[in-house]
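Read the structure below first, then the notes.
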Amino acid sequence: MKVHEYQAREILARYGLPVVAGDVAATPQEARAIAERMGRPVVVKAQVHVGGRGKAGGIRPARTPAEAEAVAGEILAMELKRIPVRRVLVAEAVEVDREFYLGVVMDRAARRVVVMGSAEGGVEIETVAREKPEAIVRQVADPFLGLREYQARTLAFDLGLSGTQALSFAPIAMALYRAYVENDATLAEINPLAWTRDGQWRALDTKMLLDDSARPRHPEWEALRDPESEEPAELQARLHDLNYVKLEGNIGCMVNGAGLAMATMDTIQLYGGTPANFLDIGGGARAEKVAAALRIILADPNVRAVLFNIFGGITRCDEVARGIVAALGAVCPRVPMVARLVGTNEEEGRRILAGARMLTTESMAEAARMAVEVSRKPR
Ligand code: GDP
Ligand code: MN
């Protein structure tokens, strides 16, 4: 789950990270009031879940409260990468001497949390990684001991820092690591971490991603969620408690059970096709949930065929078939469909589907092969 800069900023401030003063505003008047309260030049920043806001015009300085109001008005009227801006962060403007990058991420290959730094701050780290990988320094945190102090200092020295600059950098890296672990984040990033003209560290931009798998132990996350910035398909999937991941292929899959869904994707690949999604409707899905799942699949413009692979156990084939028929009544299917329904109530399920225009088979391999074949037919 993504959280906005102003939310990440509040979390990180609790760990003593040097975020700049500021507050969030939904109207130009609120922006003006915040600037008045701060009584100094500010930066007005669009709060949308996209990178590169600066380049897109979503970050503008304002010297006076009147200017902050005007600039906020302009930014609040913008869309960044097609997402409307609903809020701005009005933050204290800082005189920057140098910009650094500091991030904590999960390195799945290493099965460790990695703390990364770069003296090429302000730029997206992906760009640095591609064009100048040697400019990124890292330390791997021990899962039991965490990021140790000597590692934080090593990071500072590897960034070319020395003296008070290096000494004051180390606690920032350690605090960011702690914030990452204690908040079940998958990313905690400060970019830029600025060294100011008057010789202080300031976190000018903060970003956090939170691990959705940890949601059950964080009731406070519900308040951080911004439904508008979620992918519509992923939002719908979450609302219906479906396990959905969009992929790049063109065969939509609806499957019950994560293992079977993985096997279905493999089988599609085996026959030369590519899945458009992973979708596990879970055990015991009722018709309404199946209909929601089908609507999500069919909303993907890449989808050229749909494959239903249902192995009825707790899930009843007749319920699934009823859901499919209900969804087909509402969304006019524009692609061929293949259904493989076996297990509990399969005869009833097939009888219900007989009316729908759909290829059916009892073999999973055959179903995958058929789906690949019909996905290639010109429409
Ligand atoms: P992003 O473009 O979405 O990553 O947004 P950032 O918050 O990182 O802002 C982009 C750039 O704006 C930063 O790299 C800074 O160079 C600049 N910036 C942001 N806040 C300030 C500030 O208070 N003072 C100065 N001088 N520059 C700032
Ligand atoms: Mn940034």
Side-chain angles (χ1 to χ4, degrees), residues 2-13 17-25 31 34-35 37-65 67-68 71-72 74-76 78-105 115-132 135-136 159 172-173 176 179-180 185 187-209 226 229:
K2 293 177 183 172
V3 300
H4 285 296
E5 175 189 12
Y6 75 91
Q7 299 165 324
R9 186 179 151 277
E10 280 166 23
I11 296 175
L12 296 182
L17 286 158
V19 301
V20 289
D23 207 347
V24 69
I34 296 168
R37 240 186 292 137
M38 293 211 284
R40 46 178 308 165
V42 295
V43 179
V44 182
K45 311 176 76 177
Q47 298 298 290
V48 283
H49 291 307
V50 300
R53 293 166 304 166
K55 270 189 223 137
I59 296 180
R60 307 251 310 266
R63 259 162 299 139
T64 63
E67 217 181 306
V71 166
E74 285 172 39
I75 295 179
L76 286 165
M78 287 171 59
E79 283 188 358
L80 291 186
K81 298 188 185 157
R82 313 238 310 272
I83 305 176
V85 181
R86 304 278 187 216
R87 282 179 226 89
V88 291
L89 174 66
V90 181
E92 172 194 342
V94 163
E95 299 224 29
V96 176
D97 177 34
R98 278 185 75 190
E99 298 191 339
F100 293 81
Y101 171 93
L102 181 64
V104 183
V105 292
V115 184
M116 299 195 300
S118 171
E120 308 276 322
V123 199
E124 281 189 37
I125 197 67
E126 291 82 359
T127 312
V128 182
R130 202 166 48 238
E131 289 166 9
K132 215 176 159 192
I136 299 178
L159 287 171
I172 293 176
L176 190 63
Y180 171 99
L187 173 80
E189 192 180 84
I190 306 177
N191 187 25
L193 172 61
W195 181 256
T196 63
R197 295 243 176 91
D198 56 358
Q200 294 183 47
W201 290 110
R202 282 285 173 265
L204 289 197
D205 182 17
T206 50
K207 180 174 174 183
M208 284 181 95
L209 298 179
D226 177 0
S229 63

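Just the heavy atoms: all of them, side chains too, but no hydrogens, waters or symmetry mates, feed the values below. For ligands, and for the atoms within them, numbers begin at 1 and follow the listed sequence.
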Using the rule given for salt bridge (charged side-chain N to carboxylate O under 4.0 Å, His left out), can you reason through Glu5 versus Lys45, listing the C-alpha separation, both sets of side-chain angles and the distance that settles it, and then say yes or no? CA-CA 9 Å; Glu5 175 189 12; Lys45 311 176 76 177; 2.6 Å; yes
Got an N, O or S from Glu124 under 2.8 Å of the Mn ion (ligand 2)? no
For Asp205 and Arg9, run salt bridge (charged side-chain N to carboxylate O under 4.0 Å, His left out): C-alpha distance rounded to whole Å, both residues' side-chain angles, the deciding distance at 0.1 Å, then the answer. CA-CA 8 Å; Asp205 182 17; Arg9 186 179 151 277; over 6 Å; no
Hydrogens and angles aside, do Arg202 and Gln200 bring a side-chain donor and acceptor to less than 3.5 Å of each other? yes
Among Leu204, Leu89, Val44, Val96, which one has a heavy atom closest to atom 18 (N) of ligand 1? Leu204
Below 3.5 angstrom, do we get any N/O pair linking [X] and ligand 1?
{"X": "Glu5", "answer": "no"}
{"X": "Lys55", "answer": "no"}
{"X": "Asp205", "answer": "yes"}
{"X": "Ala93", "answer": "no"}

What atoms in ligand 1 come closer than 4.0 Å to a heavy atom of [X]?
{"X": "Pro192", "result": "8 (O), 13 (C), 14 (O)"}
{"X": "Glu99", "result": "13 (C), 14 (O), 15 (C), 16 (O)"}
{"X": "Lys45", "result": "7 (O)"}
{"X": "Val94", "result": "22 (C), 23 (O), 24 (N), 25 (C), 26 (N)"}
{"X": "Gly122", "result": "14 (O)"}
{"X": "Ile59", "result": "5 (O), 6 (P), 7 (O), 9 (O), 10 (C)"}

Out of the N/O/S atoms in Asp205, what is the name of the one closest to the Mn ion (ligand 2)? OD2
Please lay out, stage by stage, how Leu176 and Leu102 fare under the test side chain to side chain contact (heavy atoms under 4.5 Å, CB included). CA-CA 9 Å; Leu176 190 63; Leu102 181 64; 3.8 Å; yes
among protein heavy atoms, the one nearest atom 3 (O) of ligand 1 is Arg53 NE, 2.7 Å
Measure the distance from atom 2 (O) of ligand 1 to every protein heavy atom, then report the residue, atom name and distance (to 0.1 Å) of the closest one. Gly54 N, 3.0 Å
If we only count heavy atoms from C-beta on, is the [X] to [Y] side-chain gap below 4.5 Å?
{"X": "Val42", "Y": "Pro61", "answer": "no"}
{"X": "Glu92", "Y": "Arg40", "answer": "yes"}
{"X": "Leu204", "Y": "Val94", "answer": "yes"}
{"X": "Tyr101", "Y": "Glu189", "answer": "yes"}

Mode of Asn191 contact toward ligand 1 - side chain, backbone, both, neither (heavy atoms, under 4.0 Å): backbone
What heavy-atom pair brings Ile34 and Ala25 nearest, and what distance separates the two atoms? CD1-CB, 3.8 Å
Nearest non-hydrogen partners of Ala62 and Val44, listed with the distance: CB-CG2, 4.5 Å
Any non-hydrogen protein atom below 4.0 Å of atom 11 (C) of ligand 1? no
Basic-acidic side-chain contact under 4.0 Å: Asp226, Arg86: no
